[in-house]
*Asks:* 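Provided herewith is a single structure, encoded as structure tokens, for subsequent inquiry.
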Protein chains: 2
Amino acid sequence: MRTALEPSPTKEKLLDAAQRLMLAKGFVATTVDDICEAAEVTKGSFFHYFESKDQLGREVLKRFCASGEKIHRALCGSETDPLKRVYAYIDNTIKMSKDPSMSKGCLLGLFSQELCDTNPQIRAACKKGFDDWAKGFGQEVAKAKAAYASRAQFNPQELAEHLIAVMEGSMILGKVRHDRLIVGKNLTHFKAYVKSLFERA
Amino acid sequence: MRTALEPSPTKEKLLDAAQRLMLAKGFVATTVDDICEAAEVTKGSFFHYFESKDQLGREVLKRFCASGEKIHRALCGSETDPLKRVYAYIDNTIKMSKDPSMSKGCLLGLFSQELCDTNPQIRAACKKGFDDWAKGFGQEVAKAKAAYASRAQFNPQELAEHLIAVMEGSMILGKVRHDRLIVGKNLTHFKAYVKSLFERA
DNA sequence: ATAGTTATACCAACTGGTAGGTATAATAGT
DNA sequence: ACTATTATACCTACCAGTTGGTATAACTAT
């Protein structure tokens with residue numbers, strides 16, 4: 001038996017497959033059978049690890065957000081200057097957006113569209129996911145503002161939400177167009193906007 | 001009997017109901033029975049007007065894009081100055097975004113996420129929808145650039161795609177948060193960015 | 001005009017297949 | 001032997017789509 005600390009490889013395979021399939025086809029269109037086949041696992045195992053498809057959805061989303069947070073924490077790099085940290089955050093996000101593995105879409109945006117009106121738990125998780133993301137980047141912006149543009153009247157939190165909107169929206173465009181560069185282009189515009197806010201001050 | 005020119009009220013009821021339900025729950029989770037019940041029509045009638053659920057999806061999307069185009073054409077108002085037209089476009093979009101009826105989400109973004117990987121026809125329609133949208137606003141920006149910022153190096157088309165990304169992304173945020181103002185806030189940032197591009201020139 | 005014909009609009013009941021989920025047996029690790 | 005895990009067979013509900021039919025409006029020939 002494995003200990004509770006190291007996660008079951010079967011469960012991981014199921015979560016991986018579920019995430020991959022759901023990013024492509026959405027939650028509803030992805031069947032439990034699909035997931036089991038992709039993970040090379042039988043249904044018995046599936047329902048041994050997850051009490052329902054809904055619960056799997058919640059776990060996949062949770063895992064997605066957790067890995068996102070880990071990334072965000074590393075995004076500013078080792079910069080100490082708060083404004084440079086903000087720029088580094090955007091630059092590194094641009095770099096990441098060009099990686100094929102990162103350009104499969106965002107489970108937060110997808111689940112928000114598909115499940116918010118029918119599944120309150122998923123909606124709460126999406127809300128929290130976005131809030132944490134906005135808070136993370138928003139705090140960096142707030143520090144930069146305090147240091148370099150304290151009298152400017154833009155709202156750091158709003159700016160962070162603006163970044164999220166740009167990301168989510170351009171990922172959708174990237175998906176339809178099969179264009180892995182558009183997220184970067186849009187983030188470049190976002191960076192130029194942020195610059196204009198700080199240079200003006 | 002009705003003539004072929006005036007659309008059947010039953011078919012309209014079905015399309016209305018389908019659009020409403022799909023904006024809330026997505027395409028896959030919306031069943032034909034749901035639609036029929038909401039439209040107060042029986043299934044027999046449904047399949048009299050639509051050969052499949054897929055075809056209904058295409059028609060709903062087509063109608064959604066058509067009504068969108070109509071709106072976009074009116075968005076600049078009666079302005080003649082090209083730059084003022086651009087600002088009017090954004091301002092009017094902000095106004096519209098506050099209307100509850102317009103804040104139900106965007107079928108283009110939704111179908112893109114749910115159906116692009118499985119349904120080539122829908123994907124093509126989504127692509128076209130976004131392309132036309134970007135082209136429409138992009139041309140306005142191009143005219144304004146030619147008149148006021150011909151030497152600036154931003155790309156009008158890219159800027160139009162940036163607007164779309166901001167819209168789509170903030171509509172998702174609005175949906176999770178039940179916040180009808182966030183689209184307006186984000187568009188205000190977008191307008192400020194556009195301004196910064198033109199004022200610098 | 002009107003009877004006969006046809007096309008359109010609509011409906012209730014049904015079908016085949018598939019979805020999520022369960023029951024239970026087999027296996028393997030300790 | 002005991003427990004965690006995996007496998008198989010199955011159940012029930014519900015899905016898209018069909019069937020076979022009725023009602024009504026529109027056209028046509030006389």
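Because the structure is a prediction, the values reported are computed rather than measured. Protein chains get the first letters and strands the later ones, always in sequence-line order, with residue 1 at the start of each.
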*Asks:* Any side-chain N or O of A:Thr10 less than 4.0 Å from the OP1 or OP2 oxygen of D:dT6?
*Replies:* yes
*Asks:* Which residues pass the side-chain hydrogen bond (donor to acceptor under 3.5 Å, both in side chains) test with A:Lys128, sequence neighbours left out?
*Replies:* A:Asp132
*Asks:* Mind checking side-chain contact (heavy atoms from CB on, under 4.5 Å) for A:Gln121 and listing every partner two or more places apart, or none if nothing turns up?
*Replies:* A:Arg58, A:Asn119
*Asks:* Using the ring centroid of each side chain, check whether A:Phe190 and B:Phe190 are separated by less than 6.0 Å.
*Replies:* no
*Asks:* Counting only heavy atoms and a strict 4.0 angstrom limit, can you tell me which residues of residues 12-32 of chain A come near DNA chain C?
*Replies:* A:Thr30, A:Thr31, A:Val32
*Asks:* Would you say a side-chain N or O of A:Ser52 is under 4.0 Å from OP1 or OP2 of C:dG20?
*Replies:* no
*Asks:* Can you see whether B:Tyr87 has B:Lys191 sitting over its ring - NZ or CZ less than 6.0 Å from the centre and within 45° of the normal?
*Replies:* yes
*Asks:* Within residues 40-48 of chain B, find the residues that approach DNA chain D with a heavy atom at under 4.0 Å, and present them sorted by residue number.
*Replies:* B:Lys43, B:Phe47
*Asks:* Show which side-chain atoms of residues 181-188 of chain B pair as donor or acceptor with protein atoms under 3.5 Å away, not counting sequence neighbours.
*Replies:*
from, atom 1, to, atom 2, distance (Å)
B:Asn186, OD1, A:His162, ND1, 2.7
B:Asn186, ND2, B:Ile182, O, 3.1
B:Thr188, OG1, B:Gly184, O, 2.7

*Asks:* Check the phosphate of C:dT8 against B:Tyr49, side-chain N and O only, distance under 4.0 Å to OP1 or OP2. Yes or no?
*Replies:* no
*Asks:* Between A:Phe137 and A:His72, does the ring centroid distance fall short of 6.0 Å?
*Replies:* no
*Asks:* Residues two or more places apart in sequence or in another chain: which of them pass side-chain contact (heavy atoms from CB on, under 4.5 Å) with B:Gln19?
*Replies:* B:Leu23, B:Val60, B:Arg63, B:Phe64, B:Leu107
